[in-house]
Number of protein chains: 2
Amino acid sequence: MSKDIHNRLEEIIAVAEPGERLLSEPKLAEQLGVSRATLREAMRTFETQGLLRRRQGVGTFVVRPTRVIESGLEVLESIETLADRIGLSVTMGELQISKCRLDNATAKLMQLSLDTEAICVSRVILAEGRPVAYLVDTLPGGYLSSEEMANEFTGSVLDLMLKRGTPLLESARSEIKAVAAKPDVSRALNIQRGDSVLLFESLLFTLEGLPIDYSLSYFLPGYFKFHVVRRVG
Amino acid sequence: MSKDIHNRLEEIIAVAEPGERLLSEPKLAEQLGVSRATLREAMRTFETQGLLRRRQGVGTFVVRPTRVIESGLEVLESIETLADRIGLSVTMGELQISKCRLDNATAKLMQLSLDTEAICVSRVILAEGRPVAYLVDTLPGGYLSSEEMANEFTGSVLDLMLKRGTPLLESARSEIKAVAAKPDVSRALNIQRGDSVLLFESLLFTLEGLPIDYSLSYFLPGYFKFHVVRRVG
DNA sequence: CAGTGGTCTAGACCACACG
DNA sequence: GTGTGGTCTAGACCACTGA
């Protein structure tokens, strides 16, 4: 029964020093008496918990997640703001900005026509060098200039607009999902395809009630704690 | 490249009639020109979207998810209440009630001593015969009698207490996570081990602010839509 | 270059459902 | 019993990293 493998792996991780490298997959699999596929399956849980970090061509390392980025969902704040508050430094990587076309569903959500020119911004947020979130924003053209993006953008469309003061923002409506990481997500977050990630699909509104930003935010579960208070009646 | 497989599977599902059975895994794998393992990997996404339903010993079936159970997170309501509102009938299965001991973390959360007698209630919620949620509640002993459970319990601890009127309930604090299904969860929800599910880890409080119920709620993503409004500043 | 993780394959055995 | 999905194995090849 490979529930054992899970427990034995847990033990191995528990006694390892932070930063320690595990045996290579073939060796570890042999030592545990299971196939490599089974071992990798068992590793999945610990990866999404942020306890293991795999690096292709290098090895698998034990990680001690530092502080967890915690947030109540009632307030809209960027990851950078949240991280700042607990004194955690985050950086941005793999920034890609491109003009893009809206697909049908997105156009409908944003109340735009299909031929609206739009800008897609994708990037990875790293905490202590580890990718922890993958964000993709889609905005109608005209809200972001290329100079602004080059000079001011630090990872958050929200922060940029708040700093700029225009347009005035009011709220975001987010849909919360759990999804299996597709190839683009698993690559960006450095996890296995099919691993579980938390996805916020959000629409950001201005004070006038205009949708101004459609975003997909993929979060590595182990590094974030989102909570919400739900009232009876 | 097995991204193709994903798309081809998508196409197969799209043109299939609801309720239609797919070819068996070995046959379908051969037809698509991939191994069974690869095919199963590709199937994962569609399972958690609720588009495929696998039944051991029977086959894999195409499902058209009917209505999605949608809820804002600000208000605490049971799945039964939400389903009722959209006219969807849900039933309860695999009810298990047992006395249990608190583990360390749970005891701390509930502000109880480790030797407190507690009751664990687990059950599966089915919508149209399909398991869509797996709920595990832990309560200190004394709140639920066995007669009540036998006669009144329809799947929701919340509804039972609200109906009874005591203790008076105020709110729940929920932590939202994405997790890979462990064996117990995958069995209960009829999905593959490691599939992504949405997990709410909640603590329910009385009007006096006493924690009275600790619950883990695992949701099959495709059948639920949770949303929340997040305000700026 | 050698060694790592990422992916895929072919085949096996099991537990289960149904006739 | 027969056929299904659930799980595991052994082995292969690739892409990537770092010396």
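For clarity, every value in this text was computed on a predicted model and none was experimentally measured.
OP1 or OP2 of C:dG3 has not a single side-chain nitrogen or oxygen of A:S24 nearer than 4.0 Å. Here A:R21 does not reach the OP1 or OP2 of D:dG18: none of its side-chain N or O atoms lies under 4.0 Å away. Taking only side-chain nitrogens and oxygens, B:S35 never comes nearer than 4.0 Å to OP1 or OP2 of C:dA10. Contact between the side-chain N/O atoms of B:T38 and the OP1/OP2 oxygens of C:dT9 is found at a separation under 4.0 Å. Contact between the side-chain N/O atoms of B:R40 and the OP1/OP2 oxygens of D:dC8 is not found at any separation under 4.0 Å.
Distances from the side chain of B:Q56 to the nucleotides C:dA15, C:dT4, D:dA15 place C:dA15 closest. Looking at the side chain of B:R55, the nearest of the listed nucleotides D:dT9, C:dA10, C:dC18 is C:dC18.
Nucleic acid contact class of B:G33 (heavy atoms, under 4.0 Å, all strands): sugar-phosphate only.
Between B:F200 and B:F219, the ring planes lie perpendicular to each other; the angle is over 60°, past the 30° to 60° tilted range.
Rounded to a whole Å, the CZ atom of B:R36 is 15 Å from the P atom of D:dT9.
For the atom pair SG of A:C100 and CD of A:E117, the computed distance is 9.5 Å after rounding to the nearest 0.5 Å.
Checked against side-chain hydrogen bond (donor to acceptor under 3.5 Å, both in side chains), B:S35 has the following partners two or more places apart in sequence or in another chain: B:T38.
Nucleotides of DNA chain D nearest to B:A37 and B:P26 differ in position, and the one nearer the 5' end is that of B:P26.
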